[in-house]
Amino acid sequence: MTVMMLSCFKATELIEKRQLTPLGVVDLLRLHMHTMMCDACRMYEKQSKIITTALHSELHMNRSAVHVSDESANTLIEKILTEEK
């Protein structure tokens with residue numbers, strides 16, 4: 001059973017990762033189990049979605065003000081996803 005339990009640290013990593021890329025079935029299940037029991041991570045997930053939505057809409061509204069190429073953005077996303085902590 002302890003294999004299925006996540007720490008809050010790992011749960012928040014998966015919450016953020018899920019916004020960029022699909023998670024595997026095991027990670028989805030582990031995250032779902034954790035957020036069912038953890039009020040703090042459930043609130044973190046809601047707040048993270050709100051912040052991400054706001055940032056995406058702000059970037060799309062001010063696209064001409066942001067000078068980041070798609071290639072640079074993809075490179076940054078890959079670095080975030082592959083970085084080990």
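In this structure, NZ in Lys17 is found 6.5 Å from NZ in Lys10, a value given to the nearest 0.5 Å. With values rounded to the nearest 0.5 angstrom, Ile77 atom CD1 is found 11.5 Å from Gln19 atom CD.
Nearest heavy-atom pair, Cys41 versus Ile15, reported as atom, atom and distance to 0.1 Å: O-CD1, 3.8 Å. Scanning all heavy atoms of the two residues, the minimum distance from Arg42 to Met37 falls at NH1-N, 4.2 Å. Contact record, Leu14 with Leu23: O-CD1, 3.8 Å, taken as the closest heavy-atom pair.
With sequence neighbours excluded, the residues satisfying side-chain contact (heavy atoms from CB on, under 4.5 Å) with Ile51 are Leu55.
When atom types are taken as modelled, the side chain of Thr35 and the backbone of Leu31 share a donor-acceptor pair closer than 3.5 angstrom. Using modelled atom types, one side-chain atom of His34 and one backbone atom of Leu6 make a donor-acceptor pair closer than 3.5 Å.
Residue Met43 is not grouped with residue Met33 when hydrophobic side chains (ILVMFWY) are merged at heavy-atom distances under 4.5 angstrom, including chains of intermediate members.
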